[in-house]
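If you're wondering where the values come from, they're calculated on a predicted model, not measured in any experiment.
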Amino acid sequence: MIYDVVVVGSGFSAIAVVCNLVRKLPQTASVAVIGDDPGFGRGTAYRTEMHLHRLNVPAARMSLFMDRPADFIEWLSRKDRPSRDADFASRSDYGLYVRDTLANLLRRNNERCRVDFIKAKAAGCVERYSGTLGFLLEHGGEIAGRHVVLCLGLGNAKLPVDIEGLGATMRSHVIENPWRLSWLTRVGPLDRVCILGSGLTMIDQVLALRSHGHRGRIDVLSRRGLVPHGHARDPKPPAAIEIDARGITLSRMLHGFRQQIRSGTNWRSLMDALRPKTQVLWQDLAPSERSRFLRHALPWWNIHRHRLAPAIHDEFDKLRQQGVVNFHSGYLKTLSDAGDEFCIEYRRRGSQETIALSVDWIVNCTGMERAGLVHSPLLQEMRRQGLVVADPLGLGISVDRASRTLNSTGTVQSNLYAVGALTAGQFWEITAVPDIRAQAEQVAAQIAM
């Protein structure tokens with residue numbers, strides 16, 4: 001069957017595209033959505049049912065639609081969860097908002113385009129003579145589209161150490177994907193837990209452990225021991241910054257930012273001022289400068305740019321001060337099975353000293369993998385056919401500034417788009433809702449032309 005648009009994926013990027021297509025396409029158009037995730041649209045981030053897992057962006061900036069900025073705030077009010085613009089709502093509430101928004105659009109049966117949800121995984125892709133792309137479904141059958149939007153997200157980053165040699169019992173105590181929250185019920189109240197990685201996922205899992213009654217020691221091991229900062233309770237307006245992007249280098253930018261901060265500019269205000277300029281700055285950086293950023297500046301960018309809700313930051317900081325959470329900065333060397341516990345050895349950062357830890361659980365919170373093609377057999381097949389090419393820095397696939405994909409000859413494909421993390425090579429900042437909703441609206445508008 002041939003559809004006007006095929007959306008491949010089932011996370012937030014996919015739902016943002018579908019919502020915009022429903023608003024923009026004529027009633028005669030048809031859309032197919034291919035995805036095998038039962039929590040369609042909520043993805044990993046918004047599927048959590050734990051109220052303590054909070055958004056990292058104020059509620060006022062979390063509407064699904066650019067032209068209805070108060071949409072999420074109004075939804076919260078209708079659900080008897082009144083919120084101020086600067087509040088940080090729960091991620092579970094945001095997941096429900098996303099689901100309700102799509103459902104409300106689909107209820108307008110006689111006023112919208114046709115939308116079919118195909119619960120399946122796309123196993124392959126082939127170009128058809130009619131100018132369409134056909135997707136072979138894992139359970140059999142084929143869906144073709146005149147326009148295609150790839151909304152495939154990221155996979156969980158792999159453990160930095162091999163666990164094949166561990167016994168079956170101890171392997172069951174290695175949590176490779178912490179978002180499968182059923183593991184929390186198996187942890188004893190005083191079990192010793194080691195979390196690998198010190199970013200936002202780590203903080204979510206620490207708070208989840210505490211809410212499930214865990215009162216034991218938690219060790220956190222990461223290369224640098226850096227922890228995300230918190231948002232200010234009373235944020236100041238964005239700072240005034242002027243950047244001439246022509247020939248800009250990271251060193252020049254950092255020098256200018258440091259001068260401003262020494263002169264009294266609040267660093268959070270400076271980061272907030274960078275927010276709307278980030279994509280353009282990234283696009284104007286030379287490839288060598290982008291590579292330098294990924295090698296040297298990324299960890300510091302993450303902790304300053306992706307901040308915590310103030311209440312969550314305070315709660316976590318209290319656990320740290322009480323000695324419940326203990327940080328180690330270094331490089332994991334070995335992970336071995338010592339009978340009924342793990343023995344971890346790591347090299348302390350900045351020295352040759354080896355430190356050993358004995359723990360009962362290992363939890364992989366190293367985050368999501370860098371947007372690549374490894375986790376997706378479909379993308380690998382499309383690359384083999386020359387339909388997509390990998391970004392040179394491993395940040396997803398190559399697209400132009402209109403989110404249209406490039407094929408193996410470097411030609412822009414006007415009927416094949418990508419949205420979300422897959423386009424990080426072109427846009428860099430493209431994982432947060434404010435960025436994805438703008439991209440989804442732009443892509444839907446181009447298709448509807």
Side-chain angles (χ1 to χ4, degrees), residues 44 48-53 156-228 299 303 308 312-368:
T44 298
T48 175
E49 299 298 330
M50 302 191 72
H51 203 68
L52 58 85
H53 286 161
N156 204 57
K158 293 182 178 180
L159 282 163
V161 67
D162 185 16
I163 62 171
E164 290 300 318
L166 298 176
T169 300
M170 295 309 294
R171 280 188 67 174
S172 71
H173 281 217
V174 178
I175 309 304
E176 297 187 68
N177 182 357
W179 291 109
R180 295 169 183 158
L181 294 177
S182 59
W183 72 274
L184 291 165
T185 62
R186 299 191 286 125
V187 179
L190 297 179
D191 284 358
R192 297 159 299 173
V193 178
C194 179
I195 295 178
L196 303 179
S198 60
L200 297 171
T201 304
M202 175 275 296
I203 290 172
D204 284 339
Q205 300 309 318
V206 167
L207 298 181
L209 277 165
R210 300 293 290 182
S211 73
H212 276 74
H214 181 259
R215 294 297 177 265
R217 176 187 174 98
I218 299 173
D219 290 292
V220 176
L221 172 62
S222 68
R223 289 189 176 185
R224 297 172 181 83
L226 300 174
V227 184
I303 65 169
L308 295 163
I312 298 300
H313 180 268
D314 291 349
E315 186 173 350
F316 180 80
D317 197 50
K318 188 185 304 179
L319 295 174
R320 192 175 181 179
Q321 291 178 20
Q322 292 171 348
V324 173
V325 182
N326 302 274
F327 279 83
H328 309 265
S329 57
Y331 298 83
L332 180 62
K333 294 177 63 178
T334 63
L335 170 61
S336 57
D337 181 340
D340 59 351
E341 65 180 16
F342 294 107
C343 178
I344 292 175
E345 290 189 335
Y346 72 91
R347 178 170 63 81
R348 188 191 298 275
R349 184 173 180 83
S351 78
Q352 295 301 314
E353 181 184 8
T354 297
I355 308 293
L357 295 174
S358 296
V359 298
D360 302 303
W361 294 83
I362 304 292
V363 185
N364 179 22
C365 290
T366 53
M368 308 304 284

Report task. Check the pair Thr354 / Lys333 against side-chain contact (heavy atoms from CB on, under 4.5 Å), numbers first and verdict last. Result -> CA-CA 9 Å; Thr354 297; Lys333 294 177 63 178; 3.3 Å; yes

Query raised in the report: Would Ile203 and Val227 count as a side-chain contact (heavy atoms from CB on, under 4.5 Å) if you check the C-alpha gap in whole Å, the side-chain angles of each, and the deciding distance to 0.1 Å?
Result: CA-CA 9 Å; Ile203 290 172; Val227 184; 4.1 Å; yes

Report task. Using the side-chain contact (heavy atoms from CB on, under 4.5 Å) rule, take Met202 and Leu196 through it: C-alpha gap first, then chi angles, then the decisive distance, then the call. Result -> CA-CA 8 Å; Met202 175 275 296; Leu196 303 179; over 6 Å; no

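Asn326 is not listed as a side-chain neighbour of Ile218, based on a closest heavy-atom distance of 4.5 Å or more. The shortest distance between side-chain heavy atoms of Asn364 and Ile175 does not fall below 4.5 Å. Using a 4.5 Å heavy-atom threshold, the side chains of Val193 and Val359 count as separate. Residues Asp219 and Ile344 form no side-chain contact, since every pair of their non-hydrogen atoms from C-beta on lies 4.5 Å or further apart. Ser358 is listed as a side-chain neighbour of Glu341, based on a closest heavy-atom distance under 4.5 Å.
For the atom pair CD of Glu176 and OG1 of Thr366, the computed distance is 10.0 Å after rounding to the nearest 0.5 Å. Here the straight-line distance linking atom CG of Leu357 with atom CG of Leu221 works out to 7.5 Å at 0.5 Å rounding. A distance of 11.0 Å separates SG of Cys194 from CG of Asp360, quoted to the nearest 0.5 Å. Here the CG atom belonging to Leu184 is positioned 5.5 Å from the CG atom belonging to Leu209, to the nearest 0.5 angstrom. Rounded to the nearest 0.5 Å, atoms CG (Leu335) and CG (Asp337) are 8.5 Å apart. A distance of 12.5 Å separates NE2 in His214 from CD in Gln205, rounded to the nearest 0.5 Å.
Remark: the backbone N or O of Ser172 is paired with a side-chain donor or acceptor of Arg186 at under 3.5 angstrom. Without hydrogens or angle criteria, Asp191 side chain to Gly188 main chain gives a donor-acceptor distance under 3.5 Å. Side chain of Ser222 to backbone of Ser329: no donor-acceptor contact under 3.5 angstrom is found. At least one donor-acceptor pair closer than 3.5 Å links the side chain of Trp183 to the backbone N or O of Pro178.
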Validation: residues 159-171 side-chain donor-acceptor distances under 3.5 Å, sequence neighbours left out:
| from | atom 1 | to | atom 2 | distance (Å) |
| --- | --- | --- | --- | --- |
| Asp162 | OD1 | Glu164 | N | 3.1 |

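Closest approach of Leu308 to Pro228, counting heavy atoms only: CD1-O, 3.9 Å. Listed here is the closest heavy atom pair of Pro299 and Arg224: CG-NH1, 3.5 Å.
Tested against Phe316 for a side-chain contact (heavy atoms from CB on, under 4.5 Å), the candidates Val324, Val206, Asp204 yield a single pass: Val206.
Salt bridge Glu353/Arg348: present, at least one basic N to carboxylate O contact under 4.0 Å. Using a 4.0 Å cut-off between charged nitrogen and carboxylate oxygen, Arg210 and Glu315 do not count as a salt-bridge pair.
Within 6.0 Å of atom CZ in Arg192, more than 12 heavy atoms from other residues, nucleotides or ligands are found, so the atom counts as buried in its surroundings.
Applying the ring-ring contact (aromatic ring centres under 6.0 Å, His included) test to pairs two or more places apart or on separate chains, those with a residue in residues 325-351 are His328-Tyr346.
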